[in-house]
Amino acid sequence: MSAPTSERTDQKTTTPGAVKARKGGELVSDHGRTAIADTVVAKIAGMAASEVQGVYAMGAGVARAFGAVRERVGRPNIAQGVAVEVGEREAAVDVDVIVEYGVSIPDLGDGIRRNVIGAVEKMCGLDVTEVNINVGDVHLPDEESSEQPAEPRVR
């Protein structure tokens, strides 16, 4: 006895209001469309990557300098160091990170990939085809004192 092919009990069963197709980064249902901007995907990927233990900072070079100024003003850019390409059903993510000294970079890369893929696929419904990671620097423990502002000489 075979199961009927028109009725399925898994999550892909078509129900009213269920997602049927995606076109141009949009989720389309009987009740309307949902468009997901590239910046949304970049923020989700940036947040997911920064949550991985061993990531000291996001971004590299000039982007980090602008990010530091932005943080002092009180508006951090969570998408700093993240570039995305969003297609019809897929997304590709590039992440620039600074790692903490002593962390295994291959293991860190695997953790970043897992977090980014999981977050983007769960929140956006896009398949992540690749997550490219560029390690631009390593943060050494003795660099901590040089990054904090010095005490003012006069009061």
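With Q80 contributing its side chain and M58 its backbone, the two residues share a donor-acceptor pair below 3.5 Å.
Between L140 and Y101 the shortest heavy-atom distance is CD2-CD1, 3.7 Å. For the pair T129 and A92, the tightest heavy-atom approach, listed with the atom from each and the gap, is OG1-CB, 3.9 Å. Counting all heavy atoms, side chain and backbone alike, V52 lies closest to L108 at CG1-CD1, 3.5 Å. Contact detail for G46 and V82: the closest heavy-atom pair is CA-CG2, 3.6 Å. Taking all atoms of both residues into account, the shortest heavy-atom contact from A49 to V95 is CB-CG1, 4.1 Å. For V116 against A45, the heavy-atom pair with the smallest separation is CG2-O, 3.6 Å.
Tested against I117, the residues I112, V128, D127 include a single side chain to side chain contact (heavy atoms under 4.5 Å, CB included) partner, V128.
You'll find the side chain of D94 stays beyond 4.5 Å of the side chain of N134, heavy atoms only. Side-chain contact check for V103 versus D107: every heavy-atom pair is 4.5 Å or farther apart.
For E51, the CD atom counts as densely surrounded, since its 6.0 Å shell holds more than 12 non-hydrogen atoms of other residues, nucleotides or ligands.
One finds the CD1 atom of I44 at 9.0 Å from the CG atom of L126 (value rounded to the nearest 0.5 Å).
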